[in-house]
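Every heavy atom of this structure was used, including side-chain atoms; hydrogens, water molecules and symmetry mates were not. Residues take their numbers from the sequence shown, with the count starting at 1. This is a predicted model, so every value here is computed, not measured.
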Amino acid sequence: MNTEKQIEFDKIKKIWAEQAVTVFAKEKIETAEIILDELTLRKALQDTTNSREMIEKLGNPPVQNVSEIKEILTMAEKGECLAPFQLERVEKVLVAVERLIDYLNRGKQFNNPISYYDENLNPLNDLKAEITEKISGEEVVDRATKELFDIRNRIAILEDEMKQKAEQIIRSNKECMADSYYTLRSGRVCVPVKKEFKFKISGSLIDRSATGSTLFIEPTGVAKIYDELQLLLIEEENEVRRILYTLTAMVADSAEIIKENIRMIEKLDYIFSKGKLSLELSCSEPTINLERRIVLKKARHPLMDIDVNVPLDFSLGEKDENGEIIRGIVITGPNTGGKTVAIKTVMLNCYMAQCGLHVACEEADICMNSCYLSDIGDGQNLSENLSTFSAHIKNVLDILGKIDRDSLVIMDELGSGTDPLEGMGIAEAILEELRESEANFLVTTHYPEIKEYASRTEHIENARMTFDKETLRPTYKMVIGEAGESCAFYIAERLGMPKRMLKVAVEAAYGKSKESTSKGRQDAVGKYADLMESSTDGKYGDHKRSAVSSGRITKQKKSHPTTNLSDKYSIGDSVMVFPDKKIGIVCEPVNEKGILRVQLPDKKIYINYKRVKLQVRATELYPEDYDFSIIFDTVKNRKIRHDMDRKLTDETIIYEE
């Protein structure tokens, strides 16, 4: 039994999770359950209300996903050096904290309690400023320190000198050059020298062209500058690492504060997701009671179109006109009349409220429930060999084993899926168990006996879903205190069932005798008087029986057996037996009924000739006058037959059947 899925709270969770930003909030939503502590529940509902008010006045909060920063903080605490891009991630989180603080501060003008969560947030302005000053574009900036600035200036000067030196050599030795531009090979500045002039340019050979006609030589003067440049690059790397380690140490020192910031962002994200959901589904805040009372005004199923949904007014746990507290509602009415939607609407709104969410009602007073138990759908399970009825009973017994006086139970089509008379008895027994448990419950049924049971039993009330008999459309409105009817006869009449058939249907349902004093018969006389009048119409709707059928069944022509069946197979023929496709040998020919006998490897069988296919004729397998008893007879029978040919004997040949 999966109540969340049956009442479609799992679909509400998906919509809810879409309102969250952080991984933590999404996971918390996924595992959200009903809250059983009154103080915690009231706090959760107040948070939902406050967050919705903040969003309505200030827009969505500037919350971002901060889960990736946790791994970065762990690395910093272990003493690893953070890369520039990781430090920028830390900076972005601190910026998000600063923006969230500003958002919450603006909420203080409305005296919203959530605004004061800013006291638990620390933007760490010094750390943020330090990272901003020294890291940009996932690199350490030139002016991070004076030393780094000087080193990089000198590197730039040397790189420029190398290029100028190379260009000067090219201009001075144009006739030796294969091109008028210097080039970089393996990070070194080289001049392109023709192969025949390789000894004229002093320097080191770094590379050569694919054809070998051009040599790329690093001039001696350029090489000296390159060596000096390498020393500066080492100094630059050391200075960059010193800066990164310094910033990493600052992050490590502030790790606990940043973690607290993350926890608060995730908590606020979860709280604001509830406010966003309330706005998304047009919900309102319910009140909570411990008196086992449920009162819903203008309630609707939150997943249904608000423009199409018919609001539901519902109450349970209140006193009726006789002063009895109603604990159970038996809902009756026509098919497609909204009975199932009604009980789902009640439980889903109660469930949402107890998870700290707003409900899809104009007003709602909802009691806390210890558990929510439901039996909706046919529950048929082929893998577990469960029929519809078996699945219902298994689920119902599971519910009755868990129920207590603080439970809320809904059951759809009570007692269905079996013989109506026995199903009615089981339904009444289940209702009696529910009543004795003192739990709140709603059930739907079509059994008239259950309506009567509800009308005469304490703490149980009838309710009906209304139906427009003129338009044959359900109105989806619930009337508590009245029993409903299935309206099956009205629907059948409007859809074209002849009155003579309806008369038979009413008499079959309520009895033929006009003198019958049963309450069912008396009610039927009042409700279906026009249908029970004798009628001889022979129409189905507005159409007479068609003289020509819309389709015609074509019978298969019987095939006549071949006249000379004995000619089809001979003793000794090799044949294939279908459908097993086994190879055998004919040991008795086809008789007048089309049956022949075939010797298989382990037995002899009789089989219709149509299930046998000739493989090889006996004439091709055996010589003329071959003694087939060698194949088909036993050694014992052959010995007896041999003795009979020679002498008188009392032995008998026994043939296998």
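Here Lys14 does not pair with Glu30 in a salt bridge; the nearest charged N to carboxylate O distance is not below 4.0 Å. The pair Asp10-Lys5 does not count as a salt bridge, with every side-chain nitrogen at least 4.0 angstrom from each carboxylate oxygen. Using a cut-off of 4.0 Å between Lys/Arg side-chain N and Asp/Glu carboxylate O, Lys70 and Glu266 are scored as salt-bridged. Ion pairing between Arg52 and Glu56 holds under the 4.0 Å rule for side-chain N and carboxylate O. Salt bridge annotation for Lys128-Glu98: present, with a cationic side-chain nitrogen under 4.0 angstrom from a carboxylate oxygen. Remark: Arg154 does not engage Asp150 in a salt bridge, criterion side-chain N to carboxylate O under 4.0 Å. Between Lys134 and Glu130, at least one side-chain nitrogen of the basic residue sits less than 4.0 Å from a carboxylate oxygen of the acidic one, meeting the salt-bridge criterion. Electrostatic pairing of Glu438 and Arg327 does not count as a salt bridge here, judged by no charged N lying under 4.0 Å from a carboxylate O. We find that Arg242 and Glu239 are joined by a salt bridge, their nearest charged nitrogen and carboxylate oxygen being less than 4.0 Å apart. We find that Asp365 and Arg293 are joined by a salt bridge, their nearest charged nitrogen and carboxylate oxygen being less than 4.0 Å apart. Using a 4.0 Å cut-off between charged nitrogen and carboxylate oxygen, Asp207 and Arg188 do not count as a salt-bridge pair.
You'll find the side chain of Ile243 reaches within 4.5 Å of the side chain of Leu148, heavy atoms only. Taking the side chain as every heavy atom from C-beta outward, Ser374 and Val409 never approach each other to under 4.5 Å. Residues Trp16 and Ser273 form a side-chain contact, since some pair of their non-hydrogen atoms from C-beta on lies under 4.5 Å apart.
Counting heavy atoms of neighbouring residues, nucleotides and ligands inside a 6.0 Å radius, atom CZ of Arg241 does not exceed 12 of them.
Between Tyr103 and Phe272, the angle of the ring planes goes over 60°, which puts this pair in the perpendicular group of the 30/60° scheme.
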